[in-house]
Amino acid sequence: MSGKNILVTGGAGFIGSHLAQELEKRGNNVRILDNFVGGKQNLNYFDDKIEVMEGDCCNRDDCKKAVKGIDQVFHLAAHAAEGQSVFIPEFNAQTNIMGSIVMLTEAINAGIEEFAFTSSIAAYGKPESVPIKEIAKLNPEDPYAVTKKTFEDYLRVYYEIGQIKPYIVRFFNVYGPRQRMDDPYRGVVPIFINKCLKGERPLIFDDGLQKRAFTYITDVVEPICDLVGKEKLVNNPINIGTEEVYTVKELAEMTIEKMKADVEIEFINKRTSDVKVTYCDTSKAKELLGYKAKVSLSEGMDKTIEWAKEVGAQDFKYFDYTEIPKLTHKSYTSKKI
Ligand code: UD1
């Protein structure tokens, strides 16, 4: 395969850093653009062939520099926060919508056609039925999900006027090594693991019967590399994730058991806009990419726990900012929980 020049935005992040390495492994020249708000720790996994550029997708000059000489963009940079987005709608829109638009604009100005975007199952909102197929109506339930749907629309518009070939993947709940454990707002898997490492009680919002298809990192990184360039997938959003579905309570119990933690689960009230049951149908990915998730939750948890133990327990870092105090969930402000 001849190598392409590829830009990964958000390339220092959890999914972005794994993706950058996989693209490089496949013989491409990879550049990442990141503002390092999530830290620089994942750069330690890179060799010096991956070019690292510091910059922000909301900054036009940064985007201009980043797209120079690039053939394909994988746009991952975002503030990924569903529950949090409800009380920081302006920050959320600024980062996720404006940042995406500026990056897209500069990609178009640079004549780049292939533009992959990591959308989310969140864009479907509360589904009418599960598993959700790609043809389901997008009915976002929180501002973060609105940003995913909105940018999908921007991509479609610029595709229809012949400017871009968008590849849109809707990921499920992705987890694995390198996912931030110090983030108290999102990523139930690393939160539960970190709680167990610290000997603290995992908190379950609601009754724990929320269902999710927790998908191991390699099961999303490989297919997103495979799909770019496939004509049938241009402007044709695709669900990527596992078919295995677990409740949050089952996940908490599995984490406690695997980590032999001497802690009990604590239940507190539901997060605003939390979707109870959400998982997807992946038959389209099977048909068009021959895709099937390979890693079971049990195996993936073993690998993630092994990594987490090496890294060690982390202090949760609270984002001391709200635009709507009365909608700020208790767990987002109290440093005791
Ligand atoms: C996740 C993704 C989001 C993606 C979405 C698709 C992450 C970090 N976020 O959001 O980017 O768009 O999936 O659906 O993967 N929970 C608890 N206790 C906790 C933390 C969470 O009970 O301490 C519950 C939540 O209320 C929720 C479930 O666990 O019902 C999953 O939460 P979370 O991992 O934050 O993911 P989503 O909100 O599904």
Side-chain angles (χ1 to χ4, degrees), residues 10 13-16 38 76-86 92 95-96 117-127 130-132 138-149 151-152 168-176 178-196 198 200-217 220 239-242 245-256 263 265-280 297 300 304 316 318 329-332 334 337:
F14 159 50
I15 301 179
L76 280 75
H79 184 73
E82 303 200 303
Q84 197 188 20
S85 68
V86 174
N92 171 68
T95 314
N96 295 359
F117 172 55
T118 48
S119 185
S120 167
I121 180 179
Y124 294 115
K126 190 170 162 208
V130 284
I132 312 165
L138 298 187
N139 196 12
E141 297 259 316
D142 59 65
Y144 164 78
V146 171
T147 69
K148 292 290 183 188
K149 175 181 186 299
F151 193 57
E152 285 196 20
I168 298 166
V169 285
R170 297 187 183 139
F171 283 165
F172 309 175
N173 292 65
V174 187
Y175 73 97
R178 302 187 203 171
Q179 193 168 21
R180 281 181 62 180
M181 286 197 292
D182 61 354
D183 186 333
Y185 307 109
R186 55 187 168 238
V188 67
V189 170
I191 291 175
F192 283 174
I193 292 175
N194 197 27
K195 290 265 184 187
C196 288
K198 289 160 91 69
E200 293 174 9
R201 295 152 71 123
L203 279 185
I204 291 188
F205 308 137
D206 202 3
D207 55 9
L209 300 181
Q210 302 98 302
K211 285 189 182 161
R212 297 288 189 272
F214 298 105
T215 304
Y216 190 65
I217 181 70
V220 300
N239 294 332
I240 297 286
T242 180
V245 177
Y246 284 86
T247 66
V248 168
K249 186 161 173 279
E250 285 166 339
L251 176 76
E253 287 163 354
M254 185 190 281
T255 312
I256 292 171
V263 292
I265 298 168
E266 185 179 333
F267 292 85
I268 62 164
N269 61 322
K270 182 179 177 286
R271 278 190 328 195
T272 314
S273 299
D274 203 27
V275 177
K276 187 100 183 182
V277 174
T278 180
Y279 56 93
C280 284
L297 183 63
T304 310
F316 287 110
Y318 290 82
H329 190 273
K330 191 172 154 227
S331 68
Y332 292 128
S334 165
I337 15 186

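Counting convention: from 1, in listed order, for ligands and their atoms alike.
- Counting heavy atoms from C-beta outward, R170 and K148 have side chains that stay 4.5 Å or more apart.
- In summary, D207 and K270 do not engage in a salt bridge, as defined by a charged side-chain N under 4.0 Å from a carboxylate O.
- Note on K195 versus D182: no salt bridge recorded, every NZ/NE/NH1/NH2 to OD/OE distance being 4.0 Å or above.
- Heavy-atom proximity to A122, at under 4.0 Å, picks out these atoms of ligand 1: 6 (C), 12 (O).
- Heavy-atom proximity to S120, at under 4.0 Å, picks out these atoms of ligand 1: 4 (C), 5 (C), 6 (C), 12 (O).
- Considering backbone and side-chain N/O of G187, one or more are found under 3.5 Å from N/O of ligand 1.
- Annotation: L203 places an N or O atom under 3.5 Å from an N or O atom of ligand 1; distance criterion only.
- For atom 9 (N) of ligand 1, the nearest protein heavy atom lies 4.0 Å or farther away.
- Tested against Y175 for a side-chain contact (heavy atoms from CB on, under 4.5 Å), the candidates V188, L251, T304 yield a single pass: T304.
- Within ligand 1, counting atoms from 1 as listed, the ones closer than 4.0 Å to a heavy atom of R212 are 27 (C), 30 (O), 31 (C), 39 (O).
- Residue contacts with ligand 1: V188 is placed with a nitrogen or oxygen under 3.5 Å of a nitrogen or oxygen of the ligand (distance criterion only).
- In terms of protein heavy-atom proximity, atom 26 (O) of ligand 1 is nearest to D274 OD2, 2.7 Å.
- Taking A122 as the reference, E82, S120, Y144, A145 meet the side chain to side chain contact (heavy atoms under 4.5 Å, CB included) condition, with sequence neighbours excluded.
- Within ligand 1, the atoms closer than 4.0 Å to a non-hydrogen atom of R186 are 8 (C), 35 (O), numbered from 1 in the order shown.
- For Y144, the closest heavy-atom approach to ligand 1 falls below 4.0 Å.
- In this structure, the protein non-hydrogen atom closest to atom 17 (C) of ligand 1 is F205 CD1, 3.5 Å.
- Taking every non-hydrogen atom of I121 and a distance limit under 4.0 Å, the qualifying atoms of ligand 1 come out as 6 (C), 14 (O).
- Here the side chain of K149 pairs no donor or acceptor atom with the backbone of S119 at under 3.5 angstrom.
- Heavy-atom minimum distance, G125 versus V275: O-CG1, 3.8 Å.
- From the protein, the heavy atom lying nearest to atom 36 (O) of ligand 1 is N173 ND2, 3.1 Å.
- Annotation: K276, atom NZ; neighbour count of heavy atoms from other residues, nucleotides and ligands within 6.0 Å is above 12.
- Ion pair K249/E253 flagged as a salt bridge, since at least one NZ, NE, NH1 or NH2 atom sits closer than 4.0 Å to an Asp/Glu carboxylate oxygen.
- When only non-hydrogen protein atoms are considered, atom 37 (P) of ligand 1 lies nearest to E82 OE1, 3.0 Å.
- The protein atom (non-hydrogen) at minimum distance from atom 28 (C) of ligand 1 is V248 CG2, 3.7 Å.
- Polar contact check, F192 against ligand 1: no nitrogen or oxygen pair lies under 3.5 Å apart.
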* Decide side chain to side chain donor-acceptor pair (under 3.5 Å) for Y124 and N239; before the verdict, give the C-alpha distance in whole Å, the side-chain angles of both, and the deciding distance to 0.1 Å. => CA-CA 11 Å; Y124 294 115; N239 294 332; 2.7 Å; yes
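- Counting only distance, with no hydrogens or angles, the side chain of N194 and the backbone of M181 share a donor-acceptor pair below 3.5 Å.
- Remark: among candidates E266, R271, Q210, Q84, the nearest residue to atom 32 (O) of ligand 1 is R271, based on non-hydrogen atoms.
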